[in-house]
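Have a look at the structure below before the remarks.
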Amino acid sequence: MLPARSRLTRRDEFASVIRRGRRGGRSRLVVHVHRVPGGSGPRAGLVVSKAVGGSVVRHRVARRLRHLVAPRLDALPSDALLVVRALPPAADASSAELAEDLDGGLRSALRKLSGSVR
RNA sequence: CGAGCUGGCCGGGCGGCCGCGUCGGCGGUCCCACCGGACCGCCGCCGAGGAAAGUCCGGACUCCGCAGGGCAGGGUGGUUGUCAACGGCAACCCGGGGCGACCCGCGGGAAAGUGCCACAGAGAACAGACCGCCUCGCACGCAGGUGCGGGGUAAGGGUGAAACGGUGGUGUAAGAGACCACCAGCACCCCGGGCGACCGGGGUGGCUCGGUAAACCCCACCCGGAGCAAGGUCAAGAGGUCCGGUCGCGAGACCGGGCUGCGCAGGCGUUCGAGGGCGGCCCGCCCGAGCCUGCGGGUAGACCGCACAGAGCCUGCCGGCGACGGCAGGCCGAGAUGGAUGGUCGCCGAACGGCGCGCCGUGAGGCGCCCGGGAACAGGAUCCGGCUUACAGGCCAGCUCGUCCG
């Protein structure tokens, strides 16, 4: 799972990643990636709002996403910040389905990122 | 064996691989004058619920206040206990339901006052003559009687949740607690029992009095306010001011440091006193030079609180009908802060489903096998005691009623 060091914790970091980062949307989730100079390893955060479901459902979705994000984090550059925002259909999706959407969202966000930077 | 009542408990299990958080230990790297700290790795312990939920009560804890008194406001509502406390719990009382085990009750006062009682019905709260019954007068008629008008009457009919006690008799033109007996009910008094709510018995009285207080209200008792974003420490901070330095002829600009903690506008006020203590108001007392409103701006980071030896949990004994209390021994049980307790695979698996197969039974159906299926409600966030609500299903104990056998 995600060690504490590679988590996003600050409110303004979340805000800037969602606001200024590159988006990759899928039906069950949205991936935001932003590069901040001086980063010491990629970090990630999750957003699961009340629209997704009750407390039990939200926690289940967050746990599954955490497990899915962890191995994919190594593939990102060390100055990357990642935010995965779950949408209501994620509530009753399996881990395999979430993985599919995560990979797809990540791919298109990274493509936009490399296009804009260069 | 069937039907039921009550109480308690559990609420998916096992394993492989990969992970997360707190704490502890060991090792390494780095910072450091010291104390110590940061990061990494390995090992070990522990790591969601019976409701963690709703946030409905009660407390612990923290801050504000403590000079009071009155009014207002809120809460509770049979009694006696129990508890840190409670609107909780226990036992009992009363009323209602059930053959019973048991269950249900927002259970003070309606004879202090006020309000409200739909529809139906003639009439609904100082009752009420629609039909009926009785009687008087007049008219008609030989008569039984009929019609019109006046009066008496709550026994009967009909309406209603409810029609102003019930049954029998005396009485009367017909009737009526008008009177009498018994019964029910009410008020008061006496005796006995019980800590008490209340129960049992007797007497007297006028003869009878509706419901609603989760309508106002009355009575008794209780109640300061805000809440862990409480609160504390540190850091940062916009602006102001002072000192020093640099640049500049100068106005000033920039840098560093100290103190303070913002700026602008408007209003009210400084012994004719705003405002605060004071929370709704008043009186009183004390403090007293600032306070209020609008606009703009800043902060919401870290640590402590906070992971706690406690109204703690488990076992046994004792007291008590019980809630609970006492004593002895043992145990230490999550602590995150964008929020850990998981992901994935395999095996086993309850409910449930199947024109499936076999056996038993007259039958509804039951049992076994096979196949499918794959677990309810729901996750801490300062901590406890309760209440309420949600919940697939399972287990245990005690008790009641019925049937059969002995």
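In the text below, chain A, chain B and the rest are named by the order of the sequence lines, each starting its count at 1.
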Cluster overlap A:V30 with A:V17, hydrophobic side-chain contacts below 4.5 Å: no
Same cluster (ILVMFWY, side-chain, under 4.5 Å), A:L87 and A:L102: no
Inter-nucleotide [atom1] distance ([N], [M]), Å rounded:
N: B:C332; M: B:C308; atom1: C1'; value: 12 Å
N: B:G224; M: B:C83; atom1: C1'; value: 25 Å
N: B:G47; M: B:A340; atom1: C1'; value: 8 Å
N: B:C399; M: B:C99; atom1: C1'; value: 16 Å
N: B:C102; M: B:U315; atom1: C1'; value: 34 Å
N: B:G77; M: B:A120; atom1: C1'; value: 39 Å
N: B:G312; M: B:C384; atom1: P; value: 13 Å
N: B:C86; M: B:C327; atom1: C1'; value: 29 Å

Validation row: [X], [Y] side chains within 4.5 angstrom (heavy atoms):
X: A:D101; Y: A:S27; answer: yes
X: A:D103; Y: A:R72; answer: yes
X: A:L65; Y: A:L29; answer: yes
X: A:R85; Y: A:S49; answer: no
X: A:V83; Y: A:V33; answer: no

With the 90 degree cut-off around zero defining syn, does [N] come out syn or anti?
N: B:G319; answer: anti
N: B:G49; answer: anti
N: B:G398; answer: anti
N: B:A60; answer: anti

Could you check which nucleotide pairs with [N] in any of the strands shown, counting Watson-Crick or G-U wobble with both distances under 3.5 Å?
N: B:G145; answer: B:C140
N: B:G175; answer: none
N: B:G279; answer: none
N: B:A162; answer: none
N: B:C321; answer: none
N: B:C313; answer: B:G330
N: B:G239; answer: B:U260
N: B:G27; answer: B:C40

Restricting to nitrogen or oxygen on both sides, can you table the protein-nucleotides 335-338 of chain B pairs closer than 3.5 Å?
residue: B:G338; atom: O2'; partner: A:L8; partner atom: O; Å: 2.5
residue: B:G338; atom: N2; partner: A:L46; partner atom: O; Å: 3.3

Check whether [X] reaches the backbone of [Y] with its side chain - one donor and one acceptor, N or O, closer than 3.5 Å.
X: A:D79; Y: A:R35; result: no
X: A:K112; Y: A:G24; result: no
X: A:R7; Y: A:A44; result: no

Atom pair distance, as rounded to whole Å: CZ in A:R58 and P in B:G342: 17 Å
A:L73 CG to B:C18 C1', straight-line distance once rounded to whole Å: 17 Å
Separation between CG of A:L110 and CZ of A:R22, rounded to the nearest 0.5 Å: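 Those atoms lie 12.0 Å apart.
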Can you check nucleotides 343-347 of chain B for protein contacts, nitrogen or oxygen pairs under 3.5 Å, and list what you find?
residue: B:G343; atom: O4'; partner: A:H67; partner atom: NE2; Å: 3.3
residue: B:G343; atom: O3'; partner: A:S95; partner atom: OG; Å: 3.4
residue: B:U344; atom: OP1; partner: A:S95; partner atom: OG; Å: 2.7

